[in-house]
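Just follow the structure's listing: the first ligand is 1, and inside any ligand the first atom is 1.
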Amino acid sequence: MEVIIQKTANEASRLVASLITRELKIKPSLVLGLATGRTMEQVYAHLVKTHKEQALNFSRCRTFNLDEYVGIPADHPGSYRHYMDTCLFSHVNIAKRNTHLPDGTARNLAVECRKYERLINQCGGIDFQLLGIGHDGHIGFNEPLSALRSRTREKALTRDTLKRNAEMFGNNPDNVPRRAITMGVGTILESKRCVLLATGKNKALILSKAVEGPITSMISASALQLHPHCTIVVDEAAASKLRGVDYYRWLFVNEPEWQEFRARQSF
Ligand code: F6R
């Protein structure tokens, strides 16, 4: 695991978008794992900008989102399909048939979950998995005590998650679906590369626990410590409770991978 600290949320998001851009140029048929949430909005805005200004080509890219609510249709403003269409898919040249989210309206959700896992495998597995982190340490919707080897499945959301995600549901947590389909922690760990983006001071405490604390199913993101190629990208605010910042900064300056990104930094 490595931690890359950028000055602002915008710079951290731009770095993540640049990583995706580079991967997509190297492998146009990239299998990209995607996340939703406020943190990701800026990443998608940067990708849309790169598509428009530099003709970044998504035509052969395949995507798999981490999660989707159970029981709401794709055109509901709170659905993650709607989020993805609005933030990314409808602004780039991606083929809709290549974009996958679990179907939370499927009659048999267990079958749908197995189908999702099969589809990921048929595409050769996820090359690059984008992740955010919840205040309880969830990745995807793997709420506390999700098994570290869990697969795509239905999961009950915590009250806190319902509250935090109420914005698209009339600001009323009671309107937020109580269950979601999510890739499991085990599914996520099988991705070839994981990149987690966290910004803002209210993510600082949970991030420090996930990155520098013990691996525990109470904090699903801590399982990323087991991943052989995982990069955590943060802004200064989210990094404020990390103990190893000196080393993380040294690493950004000295690791060859980051050379091309250093020049673009504002500090
Ligand atoms: C949603 C997802 C979640 C979010 C997390 C942070 O697809 O993967 O794990 O990344 O809840 O959300 P924000 O960015 O809104 O704080």
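- Aromatic rings of Phe58 and Phe89 (six-membered ring for Trp) have centroids beyond the 6.0 Å cut-off, not under it.
- Between Glu117 and Arg114 there is no salt bridge, since no side-chain nitrogen of the basic residue lies less than 4.0 Å from a carboxylate oxygen of the acidic one.
- Residues Leu157 and Glu143 come closest through the heavy atom pair CA-OE2, 3.6 Å.
- Considering backbone and side-chain N/O atoms, Gly140 comes within less than 3.5 Å of an N/O atom of ligand 1.
- Judged by the shortest distance from any of its heavy atoms, Lys203 lies inside the 4.0 Å radius around the atoms of ligand 1.
- In Ile133, the part holding a heavy atom less than 4.0 Å from any atom of ligand 1 is the backbone.
- Of the protein's non-hydrogen atoms, the one nearest atom 5 (C) of ligand 1 is His138 NE2, 3.5 Å.
- No N or O atom of Tyr80 sits closer than 3.5 Å to an N or O atom of ligand 1.
- Within a 6.0 Å sphere centred on NZ of Lys201, other residues, nucleotides and ligands contribute 12 heavy atoms or fewer.
- Which parts of ligand 1 touch Gly37 is read off a 4.0 Å heavy-atom cut-off, strictly below it: atoms 14 (O), 15 (O).
- Heavy atoms of other residues, nucleotides or ligands lying less than 6.0 angstrom from CZ of Arg22 number more than 12.
- Looking only at protein heavy atoms, the nearest one to atom 14 (O) of ligand 1 is Thr39 OG1, 2.4 Å.
- Between Phe64 and Tyr116, a ring centre-to-centre spacing shorter than 6.0 Å is recorded.
- Protein heavy atom in closest approach to atom 15 (O) of ligand 1: Arg38 N, 2.9 Å.
- Closest to atom 4 (C) of ligand 1, if we only count protein heavy atoms, is Thr36 O, 3.8 Å.
- In Glu255, the CD atom is crowded: over 12 heavy atoms of neighbouring residues, nucleotides or ligands sit closer than 6.0 Å.
- Using cut-offs of 30° and 60° on the angle between ring planes, the pair Tyr80 and Phe141 is parallel.
- Between Asp67, Asn165, Leu66, it is Asp67 that holds the heavy atom closest to atom 7 (O) of ligand 1.
- Not one N or O of His135 is nearer than 3.5 Å to an N or O of ligand 1, by distance alone.
- The ligand atoms of ligand 1 that sit less than 4.0 angstrom from a heavy atom of Gly132 are 10 (O).
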